[in-house]
Amino acid sequence: SSSSSPVALPPFFMRGSIIQLADGELKRVEDLKTEDFIQSAEISSELKIDSSTVERIDSGQSPNAVVIQFSVGELKAQVCVEVLVEYPFFVFGQGWSSCCPDRTTQLFELSCAKLCVGDVCVSLTLRGLR
Amino acid sequence: NVEPRSVPVFPWHSLVPFLAPTQSD
(Lines give C-alpha, C1' and ligand atoms only; values in the text may rest on other atoms or scores of the structure.)
Protein backbone atom coordinates (compact mmCIF):
# COMPACT_ATOMS: atom_id res chain seq x y z
CA SER A 1 0.00 0.00 0.00
CA SER A 2 1.21 3.50 -0.73
CA SER A 3 1.32 6.22 1.87
CA SER A 4 0.78 9.86 1.21
CA SER A 5 3.75 12.20 1.11
CA PRO A 6 4.40 14.29 4.20
CA VAL A 7 2.52 17.54 4.45
CA ALA A 8 4.65 20.57 3.61
CA LEU A 9 4.84 23.24 6.24
CA PRO A 10 2.14 25.86 5.66
CA PRO A 11 2.93 29.60 5.82
CA PHE A 12 1.04 30.34 9.03
CA PHE A 13 3.76 28.78 11.18
CA MET A 14 6.10 31.62 10.22
CA ARG A 15 6.84 33.84 13.21
CA GLY A 16 4.64 36.94 13.07
CA SER A 17 1.78 35.27 11.22
CA ILE A 18 -1.56 36.70 12.29
CA ILE A 19 -4.02 34.17 13.67
CA GLN A 20 -7.71 34.89 14.24
CA LEU A 21 -9.27 33.21 17.25
CA ALA A 22 -12.91 32.11 17.24
CA ASP A 23 -13.99 35.27 19.10
CA GLY A 24 -12.33 37.45 16.46
CA GLU A 25 -9.24 38.36 18.48
CA LEU A 26 -6.01 38.51 16.48
CA LYS A 27 -2.77 37.06 17.85
CA ARG A 28 0.65 36.27 16.48
CA VAL A 29 1.31 32.58 16.07
CA GLU A 30 4.19 32.71 18.56
CA ASP A 31 1.95 34.30 21.21
CA LEU A 32 -0.75 31.62 21.23
CA LYS A 33 -1.51 29.94 24.53
CA THR A 34 -3.26 26.68 25.37
CA GLU A 35 -6.32 28.66 26.55
CA ASP A 36 -6.65 30.29 23.11
CA PHE A 37 -7.24 26.90 21.52
CA ILE A 38 -9.54 25.71 24.31
CA GLN A 39 -11.65 28.88 24.29
CA SER A 40 -11.85 28.94 20.49
CA ALA A 41 -13.01 25.34 20.41
CA GLU A 42 -15.64 26.09 23.09
CA ILE A 43 -17.12 28.75 20.81
CA SER A 44 -16.96 26.56 17.73
CA SER A 45 -20.14 24.73 16.79
CA GLU A 46 -18.33 22.17 14.65
CA LEU A 47 -14.96 21.50 16.26
CA LYS A 48 -13.93 20.28 19.67
CA ILE A 49 -10.53 20.04 21.27
CA ASP A 50 -9.12 16.60 21.79
CA SER A 51 -5.95 15.48 23.50
CA SER A 52 -3.59 13.53 21.30
CA THR A 53 -0.78 11.79 23.15
CA VAL A 54 2.40 11.01 21.24
CA GLU A 55 2.86 7.23 21.41
CA ARG A 56 5.68 6.67 18.90
CA ILE A 57 7.95 8.68 16.65
CA ASP A 58 9.51 6.77 13.74
CA SER A 59 11.46 7.68 10.64
CA GLY A 60 9.36 8.55 7.62
CA GLN A 61 9.73 7.54 4.00
CA SER A 62 11.81 10.58 3.11
CA PRO A 63 14.86 11.76 5.08
CA ASN A 64 13.16 14.82 6.50
CA ALA A 65 9.94 13.07 7.46
CA VAL A 66 8.75 11.38 10.61
CA VAL A 67 5.75 9.20 11.32
CA ILE A 68 4.08 10.17 14.58
CA GLN A 69 1.58 7.82 16.18
CA PHE A 70 -1.00 9.51 18.36
CA SER A 71 -3.50 8.16 20.82
CA VAL A 72 -6.50 10.44 20.28
CA GLY A 73 -9.19 11.40 22.77
CA GLU A 74 -10.97 9.36 25.39
CA LEU A 75 -11.31 6.49 22.94
CA LYS A 76 -7.52 6.37 22.58
CA ALA A 77 -7.91 5.87 18.85
CA GLN A 78 -4.56 5.22 17.17
CA VAL A 79 -3.81 7.71 14.40
CA CYS A 80 -0.57 8.00 12.42
CA VAL A 81 0.52 11.13 10.59
CA GLU A 82 3.61 11.59 8.44
CA VAL A 83 5.02 15.11 8.61
CA LEU A 84 8.27 16.92 8.04
CA VAL A 85 10.56 16.95 11.07
CA GLU A 86 10.07 20.71 11.48
CA TYR A 87 6.26 20.52 11.63
CA PRO A 88 5.16 22.07 14.94
CA PHE A 89 2.44 20.72 17.17
CA PHE A 90 0.97 22.62 20.10
CA VAL A 91 1.56 20.76 23.36
CA PHE A 92 -0.85 21.45 26.24
CA GLY A 93 0.74 23.75 28.78
CA GLN A 94 4.01 23.91 26.86
CA GLY A 95 3.41 25.44 23.44
CA TRP A 96 4.93 24.77 20.03
CA SER A 97 6.98 21.61 19.79
CA SER A 98 8.49 19.74 16.85
CA CYS A 99 10.67 16.71 16.24
CA CYS A 100 13.47 19.02 15.13
CA PRO A 101 13.05 22.32 16.98
CA ASP A 102 16.33 23.70 15.63
CA ARG A 103 15.07 23.32 12.07
CA THR A 104 11.69 24.83 12.92
CA THR A 105 13.41 27.82 14.45
CA GLN A 106 15.79 28.10 11.50
CA LEU A 107 13.07 27.93 8.84
CA PHE A 108 10.21 29.76 10.56
CA GLU A 109 11.81 31.67 13.44
CA LEU A 110 9.26 29.94 15.66
CA SER A 111 10.62 28.95 19.04
CA CYS A 112 9.94 25.29 19.66
CA ALA A 113 10.49 22.62 22.27
CA LYS A 114 11.41 19.06 21.35
CA LEU A 115 8.37 16.89 20.71
CA CYS A 116 8.69 13.70 22.75
CA VAL A 117 6.78 10.48 23.36
CA GLY A 118 4.24 11.20 26.10
CA ASP A 119 3.61 14.80 25.05
CA VAL A 120 -0.09 15.68 24.86
CA CYS A 121 -0.87 17.73 21.76
CA VAL A 122 -3.85 19.90 20.95
CA SER A 123 -5.91 18.36 18.17
CA LEU A 124 -9.41 18.73 16.82
CA THR A 125 -12.29 16.43 16.09
CA LEU A 126 -15.76 17.10 14.79
CA ARG A 127 -18.50 17.61 17.36
CA GLY A 128 -21.17 14.97 17.26
CA LEU A 129 -18.93 12.51 15.47
CA ARG A 130 -19.52 9.68 17.87
CA ASN B 1 8.77 53.03 -1.85
CA VAL B 2 7.09 50.34 0.15
CA GLU B 3 3.46 49.89 -0.70
CA PRO B 4 1.16 48.82 2.09
CA ARG B 5 0.13 45.21 1.70
CA SER B 6 -2.77 43.43 3.20
CA VAL B 7 -1.58 41.01 5.87
CA PRO B 8 -3.02 37.52 5.59
CA VAL B 9 -5.04 36.38 8.58
CA PHE B 10 -5.30 32.66 9.26
CA PRO B 11 -8.07 30.96 11.26
CA TRP B 12 -6.99 29.40 14.56
CA HIS B 13 -8.08 25.90 13.57
CA SER B 14 -5.72 25.78 10.61
CA LEU B 15 -2.85 25.47 13.14
CA VAL B 16 -4.25 22.37 14.76
CA PRO B 17 -4.08 18.93 13.15
CA PHE B 18 -7.43 17.37 12.56
CA LEU B 19 -7.19 13.86 13.97
CA ALA B 20 -10.47 12.08 13.58
CA PRO B 21 -10.51 8.89 15.62
CA THR B 22 -11.68 5.79 13.84
CA GLN B 23 -15.27 5.08 14.72
CA SER B 24 -16.12 1.52 15.58
CA ASP B 25 -19.89 1.57 15.84
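Proteins come first, then strands; the chains are lettered A, B, ... in the order of their sequence lines, and each starts at number 1.
Contact check for A:S123 versus B:F18: no side-chain heavy atoms found under the 4.5 Å cut-off.
Of the two parts of A:L47, only the side chain, counted from C-beta on, holds a non-hydrogen atom closer than 4.5 Å to a non-hydrogen atom of chain B. B:V9 touches chain A through backbone and side chain together, each having a heavy atom under 4.5 Å away.
Against chain B, no residue from residues 100-109 of chain A qualifies, as none has a non-hydrogen atom under 4.5 angstrom away.
If you take OG on A:S17 and CZ on B:F10, they are separated by 5.5 Å, rounding to the nearest 0.5 Å. To the nearest 0.5 Å, atom CH2 of residue B:W12 and atom CD1 of residue A:I43 are 9.0 Å apart. For the atom pair NE2 (B:H13) and CD1 (A:I19), the distance works out to 10.5 Å, reported to the nearest 0.5 Å.
Taken together through direct or relayed side-chain contacts under 4.5 Å among Ile, Leu, Val, Met, Phe, Trp and Tyr, A:I18 and B:V16 form parts of separate hydrophobic clusters. Cluster membership for A:V67 and A:V83, using ILVMFWY side-chain heavy atoms within less than 4.5 angstrom, is not shared. Hydrophobic clustering of Ile, Leu, Val, Met, Phe, Trp and Tyr side chains at less than 4.5 Å, counting indirect connections, keeps A:I38 apart from A:L26.
Counting non-hydrogen atoms of other residues, nucleotides and ligands closer than 6.0 Å to CD of A:E25 gives a total above 12.
Note: B:S14 leads B:P8, B:P11, B:S14 in heavy-atom pairs under 4.5 Å with chain A.
Screening residues 20-54 of chain A for ring pair (Phe, Tyr, Trp, His ring centres under 6.0 Å), with sequence neighbours left out, gives A:F37-A:F90.
Closest of all the heavy-atom pairs between A:S52 and B:L19 is OG-CD1, 3.3 Å.
The only option from A:L124, A:D36, A:V122, A:L32 that meets the side chain to side chain contact (heavy atoms under 4.5 Å, CB included) definition with B:L15 turns out to be A:L32.
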